[in-house]
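Step one of this worksheet: look at the structure below.
Naming convention: chains lettered A, B, ... in sequence-line order (proteins, then strands); numbering from 1 in each chain.
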Amino acid sequence: MTSTAQGELKQNPKTPVASRFSMRRQKIAEHRKSLPIASVEKRLIEEVQKNDILIIVGETGSGKTTQLPQFLFNAGFCRGGKMVGISQPSCIAAVTVAKRLAEECDVQLGQRVGYSIMFDDTTCSSTSLKYMTDALLLREALVDPLLSRYSVIIVDEAHERTVHTDVLLALLKKVQLDRSIGNKGLEVEAKTNDEIGGVLRGCQISPLKLIYNCSISTIIMSASLDARVFSEYYGGAKALHVQGRQFTVDILYTVHPVTDYAALVITIFQIHLEEKPGDILVFLTGQDEIESVERLVQERLEHLPEDKRKILPLAIFSALPSDQLMRVFAPAPIGFRKVVLATNIAETSITIPGIRYVVDPGRVKARTYDPSKGMETLDAVPTSKAQALQRSGHAGREGPGKCFRLYRQREFEKLEDSTKPEIKRCNLSNVILQLKALGYDDIFGFDFIDKPSSAIVKALAELHLLGALTDDCKLEKPAGDQMARLPLDPVYSRALILANQSNCLEEMLITVAMLSVESIFYDPPREKREEARTSRNHIASVEGDHLTYLGVYRESNEFLEAENSEEAEVDQTLRKWCKDNFVNSRSLKHARDIYRKIRGNVEQMGFNVSSCGNDMLEYRRCLAASFFLKAAQRQMDGTYRALESGEIVHIHPTSVLFRSKPECVIFNELMQTRKKYIKNLTRIDPVWSAHHHYNTEE
DNA sequence: GAGCACTGC
């Protein structure tokens with residue numbers, strides 16, 4: 001949207017400002033009118049007025065995410081200071097959509113239209129249309145259980161079925177019920193609201209409207225199955241379809257199943273040599289696959305005549321430093337064809353311009369969770385039909401496209417309709433703690449759309465061991481309440497509470513912030529590997545990963561202070577330090593954001609942020625006490641035994657302790673890939689851990 | 001000597 005407007009300005013440098021703006025406004029108006037959803041505005045509003053719950057199945061490009069909130073605003077749903085809340089599964093979606101809508105409405109972002117995400121709240125008291133992450137909306141319920149400022153809540157992308165979306169679905173069902181009771185004149189509701197500091201002092205609370213958007217593709221039934229699941233969950237709620245504006249995508253299957261990279265690379269080159277211009281997007285499972293394919297493409301390229309070599313392979317996955325990530329958004333040089341080798345990141349998180357061809361081998365790395373062992377597994381598995389559709393859709397964003405599925409059609413028919421909801425595949429201790437803090441004591445009776453029973457048992461047990469729940473599974477005060485309010489894994493929240501008692505809260509804040517982000521260190525290109533190794537040896541601590549992370553944070557901070565950077569230059573200075581030290585600057589910046597946030601949180605709780613300075617013994621003892629549930633002991637053969645589950649595990653090669661193999665360690669993560677690996681570890685004295693066990697047993 | 005799908009509070 002922005003680029004169109006700027007393009008216009010560049011073409012007419014002498015056009016007076018006022019006229020340029022009116023031209024822009026006219027263009028926006030035309031664009032809005034051309035959206036498929038524009039023709040059904042009246043009908044949509046009528047349905048919202050008639051139904052308390054509505055399911056909208058809006059195809060890609062229908063304009064539902066930006067237009068529907070405006071329709072509701074125009075229809076008066078924001079009168080009296082009420083808001084329409086639109087929840088998104090990710091920050092990036094919430095931010096970009098809010099920015100686009102503000103521009104469309106020609107209002108300043110943060111006034112009528114705003115967004116609110118963990119690190120950035122642009123809303124104010126006059127905000128009517130509020131975009132946010134679904135996780136943040138859940139948090140808001142902690143402060144305002146009736147979500148009393150909202151007249152309508154739109155849960156966008158509900159078909160993605162993230163954990164937060166699933167919890168939100170159940171929570172909103174309850175809130176809606178509570179508010180409809182309140183509306184029948186129960187003074188109690190208003191009083192409760194008043195106590196919580198709600199804005200509706202003494203007023204009646206109007207019923208809450210709920211709209212579930214699920215963006216789908218036209219082609220298969222699995223999508224409408226999704227809508228049916230939501231509809232049934234809400235007792236037969238009405239579902240409406242809104243047409244999209246997607247170009248046709250031809251789907252091609254192979255005659256024989258494709259099992260090797262060579263055949264995959266042949267497909268890429270066939271497209272390159274035989275098809276019309278347009279970039280190619282290839283979905284692969286992970287970094288190693290991407291790197292192998294990239295090598296094969298390069299090798300094959302050298303065997304082609306000069307004039308056929310105009311192909312530009314680009315790798316993209318989340319651990320990539322941001323400057324390399326950005327390269328896929330730039331158009332290929334004239335006459336060149338981009339071949340983007342991507343993980344799932346290109347499926348929903350980002351949209352790459354220029355794509356007309358999709359190559360889909362039909363596999364994806366998926367996380368599963370085994371509650372009995374407390375272990376996560378990351379395996380490559382076949383995609384679902386819905387995922388395959390999502391992938392092929394990327395070929396039809398800018399024009400008619402083609403999707404090459406590297407398997408047979410009958411194999412497609414055998415795929416699952418949709419991916420298993422995340423709530424059935426992950427550790428739930430965080431979610432359960434949230435629900436407890438929201439006052440839902442009967443977790444087994446909680447109305448999940450898909451119930452994850454054994455993970456609930458495990459989560460309750462873990463929360464009890466961490467001291468967040470009492471023996472009869474009620475929220476422990478104040479510890480459980482404090483832990484629920486921190487935006488962290490409960491184990492990390494617990495570590496902060498212990499550190500507060502041990503005089504090393506400052507160090508633990510840094511540690512858990514660093515543990516909460518992925519890939520602090522990154523793989524440098526081959527020619528820099530030796531240099532990186534020397535640098536890493538300098539910064540690594542013999543005690544383990546936690547002290548190493550602490551060192552990275554402190555050193556980068558000292559560098560910032562020494563450079564005495566202005567506020568605006570901090571990011572740049574930090575990037576320089578990261579580059580010199582082979583640290584992923586995006587990750588470090590993220591960790592700094594988390595640090596600032598949780599430091600604010602604990603200060604609000606009345607904790608005094610003190611430091612143990614260089615007394616690392618104090619800090620290491622605190623680590624051991626915090627993570628005593630996850631200890632591992634070295635075996636005769638050099639492998640480790642995890643004490644909780646009894647599993648035989650290995651130290652992950654990214655750990656600084658990979659070579660030194662101390663006798664006893666605590667760790668934060670146990671994950672099975674090719675082997676069972678423990679990650680993020682620190683050497684401990686076995687006596688500490690035993691001692692702590694003894695204390696907790698009493 | 002060998003490995004890291006993707007989000008989010």
Side-chain angles (χ1 to χ4, degrees), chain A residues 87-94 116-121 132-143 157 160-168 283-292 316-320 342-350 363-368 376-381 383 387 390 419 422-423 425-427 429-431 433-434 437 483-490 492-493 512-513 516-523 529 533 584 587 590 593-594 597-598 600-601 638 650-655 658-661 669 671-680:
Chain A
S87 87
Q88 300 285 334
S90 75
C91 288
I92 185 105
S116 186
I117 60 173
M118 183 180 174
F119 297 116
D120 195 7
D121 181 4
M132 67 200 119
T133 53
D134 43 18
L136 201 82
L137 184 54
L138 275 179
R139 294 243 149 213
E140 266 191 32
L142 279 177
V143 187
E157 318 291 352
E160 283 189 27
R161 300 292 303 273
T162 65
V163 181
H164 294 130
T165 303
D166 271 23
V167 177
L168 202 53
F283 284 100
L284 297 166
T285 58
Q287 185 178 352
D288 50 351
E289 252 190 34
I290 288 174
E291 282 167 0
S292 315
I316 173 169
F317 45 89
S318 79
L320 220 54
T343 59
N344 250 8
I345 194 171
E347 205 177 282
T348 49
S349 311
I350 61 167
R363 294 172 70 74
V364 64
K365 264 192 199 168
R367 177 158 59 188
T368 49
E376 294 182 324
T377 310
L378 203 56
D379 270 336
V381 297
T383 63
Q387 255 181 317
Q390 178 78 30
T419 313
E422 192 190 3
I423 200 158
R425 297 184 285 121
C426 69
N427 179 331
S429 50
N430 204 349
V431 166
L433 183 58
Q434 289 277 308
M483 286 164 71
R485 270 154 217 284
L486 287 163
L488 293 168
D489 185 317
Y492 297 158
S493 304
V512 298
S516 300
V517 302
E518 296 279 316
S519 31
I520 286 288
F521 298 112
Y522 69 91
D523 272 354
R529 242 164 239 181
R533 186 166 307 164
N584 188 332
S587 301
H590 190 192
D593 286 340
I594 296 175
K597 182 91 190 170
I598 57 181
N601 285 335
H650 304 262
I651 296 184
H652 197 277
T654 51
S655 171
F658 180 61
R659 284 180 201 80
S660 65
K661 293 197 188 307
E669 215 180 316
M671 182 170 246
Q672 177 165 356
T673 50
R674 275 166 211 170
K675 289 178 181 173
K676 289 165 184 164
Y677 286 106
I678 48 176
K679 285 165 84 169
N680 294 334

Take atom [atom1] of [X] and atom [atom2] of [N], then tell me their distance rounded to the nearest Å.
X: Gln287(A); N: dG3(B); atom1: CD; atom2: P; value: 12 Å
X: Phe521(A); N: dA2(B); atom1: CZ; atom2: C1'; value: 17 Å
X: Glu157(A); N: dG8(B); atom1: CD; atom2: C1'; value: 15 Å
X: Asp489(A); N: dC9(B); atom1: CG; atom2: P; value: 15 Å
X: Asp593(A); N: dG8(B); atom1: CG; atom2: P; value: 13 Å
X: Asp120(A); N: dC9(B); atom1: CG; atom2: P; value: 11 Å
X: Asp166(A); N: dG8(B); atom1: CG; atom2: C1'; value: 14 Å
X: Lys597(A); N: dC9(B); atom1: NZ; atom2: P; value: 9 Å

Restricting to ring pair (Phe, Tyr, Trp, His ring centres under 6.0 Å), what partner residues turn up for His652(A), sequence neighbours left out?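 His652(A) satisfies ring pair (Phe, Tyr, Trp, His ring centres under 6.0 Å) with Tyr677(A) once adjacent residues are dropped.
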What residues, two or more places apart in sequence or in another chain, satisfy ring pair (Phe, Tyr, Trp, His ring centres under 6.0 Å) together with Phe658(A)?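 Per chain and number, Phe658(A) pairs via ring pair (Phe, Tyr, Trp, His ring centres under 6.0 Å) with no residue.
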Counting only side-chain heavy atoms from C-beta out, which of [options] sits nearest to [X]?
X: Thr654(A); options: dA2(B), dG3(B), dT7(B); value: dG3(B)
X: Arg367(A); options: dT7(B), dG3(B), dC9(B); value: dT7(B)
X: Tyr677(A); options: dC9(B), dA2(B), dT7(B); value: dA2(B)
X: Arg674(A); options: dA5(B), dG1(B), dG3(B); value: dG3(B)
X: Cys91(A); options: dG1(B), dC6(B), dC9(B); value: dC9(B)

Does a distance-only test, which skips hydrogens and angles, find a donor-acceptor pair under 3.5 Å between the side chain of Arg659(A) and the base of dG1(B)?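 In this structure, the two groups form a donor-acceptor pair.
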Side-chain touch Val364(A)/Gln387(A), heavy atoms, less than 4.5 angstrom: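 The answer is yes, as the side chains (C-beta and beyond) meet within the 4.5 Å cut-off.
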Side-chain contact, heavy-atom cut-off 4.5 Å: Ile598(A) with Pro487(A)?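 Yes, their side chains come closer than 4.5 Å.
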Are OP1 or OP2 of dG8(B) and a side-chain N or O of Thr162(A) less than 4.0 angstrom apart?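 For Thr162(A), the contact criterion (side-chain N or O under 4.0 Å from OP1 or OP2 of dG8(B)) is not met.
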Below the 4.0 Å mark, does dC9(B) have OP1 or OP2 next to a side-chain nitrogen or oxygen of Thr133(A)?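 Yes, Thr133(A) has a side-chain N/O under 4.0 Å of OP1/OP2 on dC9(B).
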Across the strands shown, which category fits [X] at heavy-atom distances under 4.0 angstrom: base, sugar-phosphate, nothing?
X: Leu378(A); result: base
X: Leu488(A); result: base
X: Ser318(A); result: sugar-phosphate
X: Asp134(A); result: nothing

Between Glu422(A) and Arg161(A) (side chain of the first, backbone of the second, donor and acceptor by atom type, cut-off under 3.5 Å), is there such a pair?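 Checked: no pair found.
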Checking the side chain of Asp379(A) only, and the main-chain atoms of Val381(A) only, is there a donor and an acceptor separated by less than 3.5 Å?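 Between the backbone of Val381(A) and the side chain of Asp379(A) there is no qualifying donor-acceptor contact (under 3.5 Å).
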Pick the nucleotide of DNA chain B nearest each of Phe317(A) and Ser116(A); which residue has the one closer to the 5' end?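 Looking at the nearest nucleotide for each, Phe317(A) comes out on the 5' side.
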If you assign each of Lys679(A) and Leu136(A) to its closest nucleotide in DNA chain B, which residue comes earlier from the 5' end?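 In this pair, the answer is Lys679(A).
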